[in-house]
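This report concerns only the one structure given below.
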Amino acid sequence: MEYIDIHSERNFNEFEELYAKLEKREIPDGTTVTVTGCIHRIREMSDFAFVILRTARRLFQCVYEPSKTDFELAAIKEGDYVRLNGVLIVEERSKIGYDFSIRSCEIITSPRFEIPFVLNKAKLDLGLDMKLDYRPLSLRNPSERAVFKISAAIQAGFRKFFAENDFTEIVPPKIVSAGAEGGADMFSVDYFGQNAFLNQSPQTYKQMMVGVFEKVFVMGPVFRAEKSHTNRHITEFQGIDIEMGYINSFEDIMLTEARALRCVFDYVTENCAPELALLNVKLPTFDTIPRVRFSEAKEMVAKQYKREFRSEFDLEPEEEKLIGDLFKKKYGSELVFVTHYPTKKRPFYTMDDPEDPNYTCSFDLLLNGSEITTGGQRIHDYDMQIAKMNRLGMDTSLFESYLMIHKYGIPPHGGLGIGLERFTMKLLKLDNIRLATLFPRDVERLIP
Ligand code: ATP
């Protein structure tokens with residue numbers, strides 16, 4: 001019988017292991033090694049050349065010298081996928097402490113056509129549409145790629161926090177019969193002749209699961225048929241949602257988010273040093289996050305920046321930006337919780353503030369002047385929930401399974417939703433959410 005043997009010697013992680021050893025200067029001078037990657041750039045000097053190899057997350061400089069190498073430089077070109085055999089020579093002037101002197105080369109794959117733009121610049125010099133049209137190629141640029149290595153680490157950081165804090169991951173359906181957030185921004189699906197929708201949020205499902213697991217999280221796609229053309233909205237985004245029971249108030253949710261973010265920032269800082277350095281980003285370190293009531297925040301910016309604001313019940317993007325500026329200036333914080341949003345603007349499941357029902361037990365978290373999270377306490381009392389739905393003119397019969405939790409009992413609970421791409425965009429100070437989305441979907445874009 002033939003077997004796939006997990007103890008076989010094939011190593012899929014060779015380059016990163018070698019690189020870690022090089023960083024620690026653990027490889028003896030004169031060691032012969034083979035490295036695999038794509039030729040990112042060839043820089044010809046007078047009597048030698050630098051061949052820069054692009055590996056999964058590094059640019060590795062190799063030295064081509066005609067007297068030491070058994071092939072002509074003309075035999076290789078940028079874009080070739082190669083296996084280079086060579087010798088590591090200790091060289092203190094080199095960034096990594098060694099020179100890699102090439103001896104021979106095996107070309108694994110050579111491109112049939114040339115990429116139609118210059119890929120190997122430090123910053124890709126392309127307009128947004130070109131970057132997105134050529135996504136499989138533009139993402140090979142190390143700076144473009146770094147954004148997604150960080151975004152993957154953000155998700156891993158959240159998962160670490162959730163695992164350490166006994167949250168259970170759940171996978172609710174994406175094809176649903178009704179929306180959770182209201183409004184018309186839902187994609188319809190013809191579901192065997194029945195009208196269905198793509199989920200706008202996992203809200204009702206994660207609440208249902210509080211009665212089962214107490215603390216749950218969801219990481220999965222969320223769909224919004226928003227016709228807006230802004231730099232911070234897309235029609236499909238990755239939602240990071242939590243819901244937890246036995247809370248004393250929505251303050252417990254803010255505290256949980258603050259702790260989760262601290263864990264995420266520490267995780268990303270620890271695991272993405274090369275990418276953060278490449279993008280020249282330093283993540284916020286904090287033990288506290290300032291908080292301000294919605295109405296106070298509005299007044300503060302109106303006074304400080306002498307502005308008239310149009311919307312009474314929500315924050316305009318410009319206001320969020322000014323709140324961000326103000327709190328950065330006054331308290332040195334890139335993060336600020338804005339609490340007690342008006343009832344008018346919050347969905348049916350939101351708990352009203354017992355002290356003033358015009359406001360809610362809810363919050364948004366702003367990062368660098370833009371909302372990245374909405375959260376709050378939910379209604380757990382049956383009569384209160386039915387009364388609110390009736391007040392809003394909702395058809396409660398569409399929510400029978402959801403209302404089981406209120407009918408048959410659920411502890412006080414609350415939660416929040418974060419959009420991964422919006423979060424990554426604000427954290428890395430990108431000027432468009434599409435740059436933090438692998439294959440963005442918006443009103444115009446369905447390809448690639
Ligand atoms: P906004 O006011 O920015 O349109 P929202 O109030 O509709 O957002 P929520 O429904 O509260 O957003 O969603 C929670 C989080 O999900 C937001 O804070 C944001 O990070 C993210 N998010 C919401 N809508 C979008 C979208 N269209 N594209 C990308 N991310 C989004």
Side-chain angles (χ1 to χ4, degrees), residues 147 151 154-155 158 176 179-187 197-207 217-243 250 253-254 257 260-261 264 294 297 310-311 313-321 323-324 335-339 341-350 360-378 414-428 430-445:
V147 172
S151 131
I154 290 172
Q155 296 199 77
F158 273 113
V176 296
E181 304 296 312
D185 60 349
M186 298 186 68
F187 288 108
F197 304 95
L198 294 182
N199 94 314
Q200 201 184 24
S201 138
Q203 183 62 36
T204 53
Y205 293 98
K206 60 178 184 160
Q207 279 187 259
F217 75 97
V218 184
M219 282 164 78
V222 173
F223 303 91
R224 305 272 168 104
E226 291 179 280
K227 290 224 173 90
S228 47
H229 292 83
T230 75
N231 67 346
R232 58 185 201 153
H233 290 93
I234 41 181
T235 54
E236 176 179 348
F237 64 92
Q238 173 76 344
I240 302 172
D241 272 82
I242 71 168
E243 202 68 24
F250 74 101
I253 308 297
M254 294 196 288
E257 177 160 34
L261 289 185
V264 167
F294 171 88
R310 281 164 299 198
S311 163
F313 301 114
D314 210 350
L315 294 179
E316 294 168 35
E318 179 62 13
E319 278 176 297
E320 288 183 357
K321 188 189 159 298
I323 294 172
L335 290 155
V336 46
F337 280 115
V338 180
T339 66
Y341 275 69
T343 310
K344 270 214 160 127
K345 277 286 170 181
R346 293 274 140 143
F348 67 93
Y349 51 79
T350 313
T360 54
C361 298
S362 74
F363 66 91
D364 273 9
L365 179 63
L366 311 188
L367 170 60
N368 292 321
S370 179
E371 172 201 328
I372 55 156
T373 301
T374 296
Q377 180 163 2
R378 326 302 188 187
L416 57 84
I418 305 174
L420 173 69
E421 297 84 352
R422 175 92 60 87
F423 181 41
T424 309
M425 166 201 181
K426 295 312 294 182
L427 199 59
L428 303 183
L430 304 173
D431 57 20
N432 196 307
I433 191 168
R434 290 159 186 80
L435 294 172
T437 312
L438 272 185
F439 297 101
R441 294 287 173 259
D442 60 27
V443 181
E444 271 94 35
R445 191 169 280 279

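Read the numbers this way: they start at 1 and go in the same order the structure lists the ligands and their atoms. Fair warning: this is a prediction, and the values are worked out from it, not measured in the lab.
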(message) Looking at Ser151 and Val147, would you say the former's side chain and the latter's main chain have a donor-acceptor pair under 3.5 Å?
(response) no

(message) Gly419 versus ligand 1: do any nitrogen or oxygen atoms come within less than 3.5 Å of each other?
(response) yes

(message) Measuring from atom CE of Met425 to atom CG of Leu430, what distance do you get when rounded to the nearest 0.5 angstrom?
(response) 7.0 Å

(request) Would you kindly specify which portion of Thr373 sits under 4.0 Å from ligand 1, judged on non-hydrogen atoms: side chain, backbone, both or neither? (result) backbone

(message) Return the CG to CZ distance between Leu365 and Phe337, rounded to the nearest 0.5 Å.
(response) 4.5 Å

(request) Evaluate the ring planes of Phe363 and Phe250, with Trp represented by its six-membered ring, and classify them as parallel (under 30°), tilted (30 to 60°) or perpendicular (over 60°). (result) parallel

(request) Have a look at ligand 1 and work out which part of Ile234, if any, has a heavy atom under 4.0 Å from it: side chain, backbone, both or neither. (result) both

(message) Within this structure, what is the CD1-OG distance for the pair Ile433 and Ser370, rounded to the nearest 0.5 Å?
(response) 8.5 Å

(message) Which of the numbered atoms in ligand 1 are under 4.0 angstrom from any heavy atom belonging to Ile433?
(response) 29 (C)

(request) Within a distance under 4.0 Å of any heavy atom of Ile372, pick out the atoms of ligand 1 and give their elements. (result) 17 (C), 18 (O), 19 (C), 20 (O)

(message) If the cut-off is 4.0 Å to any non-hydrogen atom of Arg232, which atoms of ligand 1 fall inside it?
(response) 3 (O), 28 (N), 29 (C)

(request) State, without any angle test, whether Thr373 and Glu257 hold a side-chain donor-acceptor pair at a distance under 3.5 Å. (result) yes

(message) Quick check on Gln200 - does any of its heavy atoms sit under 4.0 Å from an atom of ligand 1?
(response) no

(message) Regarding atom 4 (O) of ligand 1: of the candidates Met425, Glu226, His233, Glu320, which has the closest heavy atom?
(response) His233

(message) What I want to check is whether the side chains of Arg441 and Thr235 have a donor and an acceptor closer together than 3.5 Å.
(response) no

(request) Indicate yes or no: does an N/O atom of Gly417 lie under 3.5 Å from an N/O atom of ligand 1? (result) no

(message) Tell me whether Glu421 reaches ligand 1 (any heavy atom closer than 4.0 angstrom to a ligand atom).
(response) no

